[in-house]
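This one's a predicted model, so the numbers in the text were calculated from it and none came from an experiment.
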Amino acid sequence: MLNLYNTLTRRRDAFEPLEPGIVKLYTCGPTVYNVAHLGNFRAYIFEDILRRTLEYRGYRVVQVMNLTDVDDKTIRGAIAAGISLDAFTQQFKDAFFEDLKTLRIKPAEHYPAATAHIPDMIALIERLIERNHAYVADDDSVYFNIASYPAYGRLARLDLSSLQPGTRVAHDEYAKDNVADFALWKAWDADDGDVAWDSPWGRGRPGWHIECSAMCMRYLGETFDIHTGGIDNIFPHHEDEIAQSEAATGKPLARYWLHCAHLIIDGQKMSKSLGNFHTLRDIVAMGFRGREIRYLLASAHYRQTLNFTFDALHAVRSALDRIDTFRQRLQQVAGGITVSQETALPDWAQNTAAKFDQAICDDLNTAAAYGALFETIHEGNRLMDGGRVSDRDAAAVLTMFDRWDRVLAIMTPDADATTVNGAEDPVIAGLLEQRQAARQGKNFKESDRIRDLLRDKGWIVRDTPAGQELKRAHITSDRHSLDGSIACAQ
RNA sequence: GGCGCCGUCGCCAAGUGGCUAAGGCAGCGGAUUGCAAAUCCGCCAUCGGGGGUUCGAAUCCCCCCGGCGCCUCCA
């Protein structure tokens with residue numbers, strides 16, 4: 001059984017899809033006015049792990065992630081750049097998909113763009129007007145009438161009567177009947193430049209929330225299973241989505257609402273003014289890998305504020321090394337044999353296998369799942385030291401790791417980071433040969449000199465009973481190692 | 001002012017009423033190694049502070065201290 005914490009009920013609810021075997025999932029995506037930052041990716045990794053867990057549990061998943069390509073920020077950005085809205089947002093859409101790959105995030109089935117669904121939004125707004133849930137104001141904008149929807153505030157647990165207007169209430173929204181009413185359609189104004197669509201209410205553009213309602217219903221139906229986003233989306237975005245969708249259809253929109261907590265940097269909110277604002281690209285440029293960042297962003301439970309630090313990121317590298325070393329060791333013991341998932345696990349792995357499943361199915365407890373992973377590694381190493389792991393057992397554990405990795409996606413090194421045979425580079429191969437000869441002749445001074453030389457060239461060599469092994473050294477530059485010193489090998 | 005979250009070993013982080021408080025990183029001692037590396041063995045926290053409930057609390061309640069978030073377009 002899979003339990004998921006549902007913001008709607010504020011409990012961990014047993015998950016059961018509407019339609020057996022298939023899960024319809026809507027995940028709030030990026031506003032493409034900028035390159036996404038670490039906080040955004042914390043949420044997308046959470047959603048990826050949710051998706052992967054559902055698949056792990058045997059469900060087929062239909063996931064929709066919207067791309068918000070029209071709003072105040074995208075319009076402002078396009079005008080500032082002097083290019084069309086489409087051209088402006090396209091570059092960030094491209095960057096977004098590249099970043100998803102870097103982080104091993106599985107693609108969704110659909111990535112609808114808001115600008116491609118304006119007619120759907122107009123149709124939905126018309127439906128709301130017909131049902132008296134929306135009205136055209138004097139400024140030719142259309143607003144949702146909150147007073148017509150008594151359940152408003154149910155998700156965020158907000159008491160409407162106590163709602164105080166925040167500082168960001170636009171001054172120009174005087175046309176609304178009620179300050180809490182929100183825009184479904186915004187009449188064109190000069191700040192919009194040439195961004196506008198025709199509608200029954202004149203030229204204008206959609207409000208923020210309506211795109212998600214229109215697009216989730218188009219791709220997933222009027223009621224679907226899971227809707228996710230960052231914790232900050234609970235109000236107003238998701239609250240408004242529920243109001244306008246359910247007022248239009250009379251049916252519940254999504255049955256499970258999951259929200260991911262924020263990320264902080266060194267205990268502080270990530271912000272440009274504090275100088276701790278990082279995009280994924282910034283971190284990659286320092287020499288860290290997507291795999292490492294993914295591991296770190298999934299290392300805390302998704303409903304817990306995650307403290308991102310460079311110390312922690314360095315620690316990840318060592319942890320991943322431990323995983324890699326263990327898997328290599330298992331492969332050696334397995335000696336090339338592979339087994340199916342049905343093959344019985346050795347006793348020592350059955351225990352942690354159960355722990356892993358329990359953890360991941362308990363509201364996606366990735367931190368505890370990592371615990372099970374490392375307990376397996378410890379026990380496996382211990383038994384392999386004693387020569388008490390058969391080839392078949394090693395293969396079975398490798399198969400289990402592969403299965404776990406369908407959820408975690410952190411086990412395998414990047415293709416360009418895998419151990420390379422030194423023979424591929426004649427210089428390196430030559431040095432290895434020289435070192436081998438020196439060691440055979442007990443000339444350890446010379447062998448140590450070559451080892452240092454290799455390290456300077458970016459390779460770490462270690463001696464094993466099977467001979468020399470070469471690993472690529474991993475160089476990063478961040479505030480803790482600005483000298484570009486060599487950290488652990490990848 | 002309203003609503004909500006959090007404070008667990010040097011760092012990251014599980015655990016939310018009852019086995020000796022997971023796990024990773026770092027550190028210390030030992031085994032192993034020509035030296036390293038890897039691995040193993042051992043060591044390394046009583047849970048922000050105070051009070052209360054309970055046979056029993058890191059886990060529930062109250063107060064205080066500290067940090068974070070939402071309150072109309074921010075994941």
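Taking all atoms of both residues into account, the shortest heavy-atom contact from A:M65 to A:A108 is N-CB, 4.2 Å.
A:R451 comes within 4.0 angstrom of a nucleotide base, judged by non-hydrogen atoms across all strands. Nucleic acid contact class of A:H237 (heavy atoms, under 4.0 Å, all strands): none. Residue A:R439 is in base contact, counting any heavy-atom pair closer than 4.0 Å across all strands shown. Among the heavy atoms of the strands lying under 4.0 Å from A:H378 are primed sugar atoms or P, OP1, OP2 only; no base atom is included. Among the protein residues, A:H37 comes within range of the nucleic acid bases, having at least one heavy atom under 4.0 Å from a base atom. Across all strands shown, A:A300 has heavy atoms under 4.0 Å from sugar-phosphate atoms exclusively, and none from any base. Among the protein residues, A:D463 comes within range of the nucleic acid bases, having at least one heavy atom under 4.0 Å from a base atom. Here A:Q304 lies in heavy-atom contact (under 4.0 Å) with sugar-phosphate atoms only. Here A:L263 lies in heavy-atom contact (under 4.0 Å) with a base. A:T464 comes within contact range of no nucleotide atom at all, as no heavy-atom separation falls under 4.0 Å. A:N307 comes within contact range of the sugar-phosphate backbone alone, with a heavy-atom separation under 4.0 Å but no base atom that close. Nucleic acid contact class of A:G39 (heavy atoms, under 4.0 Å, all strands): base.
Considering only heavy atoms from C-beta on, A:V407 stays 4.5 Å or farther from A:T366 through its side chain. Counting heavy atoms from C-beta on, the side chains of A:L67 and A:P30 come closer than 4.5 Å.
At whole-Å resolution of the value, CG in A:N233 and C1' in B:C70 are 11 Å apart. One interatomic measurement links the two molecules: CG of A:D385 to C1' of B:U39, which rounds to 5 Å at whole-angstrom precision. Distance A:D232 CG to B:C68 P: 17 Å, rounded to the nearest Å. Straight-line distance from the CZ atom of A:R435 to the P atom of B:G34: 12 Å, rounded to whole Å. Rounding to whole angstrom units, CG of residue A:L155 and C1' of B:C71 are separated by 14 Å. The distance from atom CD of A:Q468 to atom P of B:A38 is 17 Å, rounded to the nearest whole Å. If you take CG of A:L306 and C1' of B:G69, they are 15 Å apart, rounded to a whole angstrom.
When A:L100, A:V35, A:T102 are each tested for a side-chain contact (heavy atoms from CB on, under 4.5 Å) with A:L280, only one passes: A:T102. With A:H237 as the partner, the ring-ring contact (aromatic ring centres under 6.0 Å, His included) test is satisfied by one option alone out of A:F182, A:W257, A:W208: A:W208.
Using a 5.5 Å limit on the distance between ring centres and a 30° limit on the angle between planes, the aromatic ring of A:F374 does not count as stacked on the six-membered base ring of B:G23.
Set against B:G24, B:A14, B:G69, the side chain of A:R322 has B:G24 as its closest nucleotide. Which of B:C68, B:C71, B:C40 sits closest to the side chain of A:K269 comes down to B:C68. Distance from the side chain of A:A315 is smallest for B:C25 among the nucleotides B:C12, B:A75, B:C25. Distances from the side chain of A:F235 to the nucleotides B:G24, B:C71, B:U39 place B:C71 closest.
Across all strands shown, B:U39 pairs with B:A31; the Watson-Crick or G-U wobble distances both stay below 3.5 Å.
Side chain to side chain, A:D71 and A:T74 meet the donor-acceptor criterion of an N or O pair below 3.5 Å.
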